[in-house]
Structure formats: structure tokens, C-alpha cells
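When a residue number appears, it is its place in the shown sequence, counting from 1.
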Amino acid sequence: EQEARGVTVERTATDLRGLLEGVRGLLAGRADAQGLFLRAEVAPELPAALLLDGQRLRQVLLNLVGNALKFTEAGGVVISASREEAVLAITVADTGIGIAPEAQAGIFEPFAQADPAHGRRHGGSGLGLAICRSLMTAMGGRIGVRSRPGEGSRFVLHLPCEEAVAPPPPATAGLRVLVVDDQPLNREVARLH
């Protein structure tokens, strides 16, 4: 666990496939409502569990995918993940309006927007990308963008990661289950598990 600029980073065994699918699931309804596709693709060679801050990464991805959907009118968004040596690369690519080259350098600054007219039309303050950059920096990674107006955008995250020795905790961790049974022995067996 480390702290950077007031952001606590906690690297734990994380199921990246589950994390990306969770982000996709949270925003799938919005994509469907807009008539857009939203896919998550994970390279098959990625380990089942990676050591990273899943909560912070989820925040970044929800922001990026949310923005991508906001600025995409046709087509959709693909979240893809691959790994080269000890670096995880995650790309959020959309078929949206794109970002002019002169605007790309400043979009990670607080309250900067590629085009203020888009901010008025689509809502938002432009703070989201600055937060994404801060979180990525805190995690020891970086974020960049490649885009051309009318051709969509590709936000790329690079994050140091290593394979986790311990498996990620199951999705059921921390859940409480109520078991009702009229047999005392069955209740005792359930209590022990």
C-alpha cells in the first residue's frame, strides 16, 4: 500500500477480466439506450489475477468509457487489455467525434475541454480526465490519447503490473446468506460453511 498526492493505492490480486466485464455491465444499459455497442476484450495470455489497485482502475475506466459513450453517436466503444512483460495496456477506443490535435495536449488538465461547445451540449466540467491522470500517476502508470476529429478517440493506459500469486477473492466474499432449514443438523452444517 502506498500513498501518492493524497490518493491511497492498494495493490491486491485483481481479476482483470471480471473488472472489465463489470465496467461493461454497469454501462451496457446506457450504450443500448444510445444504440451503441460496448465490448470488453482481454488478451488470452493475461494471467487470471494481476497485482493492481482494482478500485482505482475501475474509477478510471468508468470515467473513460462514460466519456466515450457521451461523445459517440454511432458505432460504439471497445475496452481492450493486453500485457507486454510487466506492463498492462488497456485501451478505450470509440467511434465518436474525436479530438482536435491542438486540444489533445491539455485535456488532462483540470477543467480543460477539447471544445467548450461539446461540454455545454453533452454536460460535464472536464475535471474527469484530470482525475484519471492523477489516479494513473498514483498507481505508477500513465494515460495518453490518440485521436482525430471525426475518427474517434483511443485512450491508452499503461500500468506496471505483475501476476498475483494468490488468486483474486471470489465475487461472493463478504456476502451474508440466510439459510432456513427445519433440521438442526442441516442448520449446523450450513453455519460451519
To check you understand the geometry: which heavy-atom pair defines the closest contact between [X] and [Y], and what is its length?
{"X": "A13", "Y": "L51", "value": "N-CD2, 3.7 Å"}
{"X": "L38", "Y": "R24", "value": "O-CD, 3.4 Å"}
{"X": "L69", "Y": "A31", "value": "CD2-CB, 3.9 Å"}
{"X": "T14", "Y": "G54", "value": "OG1-N, 3.9 Å"}
{"X": "A81", "Y": "L88", "value": "CB-CD1, 4.5 Å"}
{"X": "H158", "Y": "A89", "value": "CD2-CB, 4.0 Å"}

Once you round to the nearest 0.5 Å, how far does [atom1] of [X] lie from [atom2] of [Y]?
{"X": "E21", "Y": "I79", "atom1": "CD", "atom2": "CD1", "result": "8.5 Å"}
{"X": "E41", "Y": "S82", "atom1": "CD", "atom2": "OG", "result": "11.0 Å"}
{"X": "E163", "Y": "L50", "atom1": "CD", "atom2": "CG", "result": "7.0 Å"}

Flag side-chain contact, heavy atom, 4.5 Å: [X] against [Y]:
{"X": "P47", "Y": "R83", "value": "yes"}
{"X": "V78", "Y": "F37", "value": "yes"}
{"X": "V145", "Y": "F108", "value": "yes"}
{"X": "V87", "Y": "L159", "value": "no"}
{"X": "P101", "Y": "P149", "value": "yes"}
{"X": "L16", "Y": "L57", "value": "yes"}
{"X": "R58", "Y": "V23", "value": "yes"}
{"X": "L157", "Y": "M136", "value": "yes"}

Qualifying residues under side chain to side chain contact (heavy atoms under 4.5 Å, CB included), relative to P160, sequence neighbours excluded: none
Out of curiosity, does [Y] fall in the hydrophobic cluster containing [X] (side-chain heavy atoms, cut-off under 4.5 Å, transitive links)?
{"X": "V92", "Y": "I131", "answer": "yes"}
{"X": "L46", "Y": "V60", "answer": "yes"}
{"X": "I143", "Y": "V9", "answer": "yes"}
{"X": "L64", "Y": "L62", "answer": "yes"}

For the pair R133 and E109, find out whether any cationic side-chain nitrogen is under 4.0 Å from an anionic carboxylate oxygen. yes
Are more than 12 heavy atoms, taken from residues, nucleotides or ligands other than [X], located less than 6.0 Å from that residue's [atom1] atom?
{"X": "E84", "atom1": "CD", "value": "no"}
{"X": "R30", "atom1": "CZ", "value": "yes"}
{"X": "R154", "atom1": "CZ", "value": "no"}

Apply side-chain contact (heavy atoms from CB on, under 4.5 Å) to the pair L135 and Q59, showing each step before the final yes or no. CA-CA 9 Å; L135 291 174; Q59 286 177 275; 4.0 Å; yes
Tell me, please, which residues at least two apart from Q55 pass side chain to side chain donor-acceptor pair (under 3.5 Å). none
After noting the C-alpha distance and the side-chain angles of E10 and R56, does the key distance pass the salt bridge (charged side-chain N to carboxylate O under 4.0 Å, His left out) rule? CA-CA 9 Å; E10 190 174 340; R56 300 289 181 213; over 6 Å; no
Worked check of side-chain contact (heavy atoms from CB on, under 4.5 Å) between I90 and L61: CA-CA 9 Å; I90 300 178; L61 290 173; 3.8 Å; yes
side-chain contact (heavy atoms from CB on, under 4.5 Å) evaluation trace for R146 with S153: CA-CA 6 Å; R146 290 196 297 273; S153 301; over 6 Å; no
Hey, mind stepping through F155 and I99 against side-chain contact (heavy atoms from CB on, under 4.5 Å) and telling me if it holds? CA-CA 11 Å; F155 284 84; I99 303 165; 4.0 Å; yes
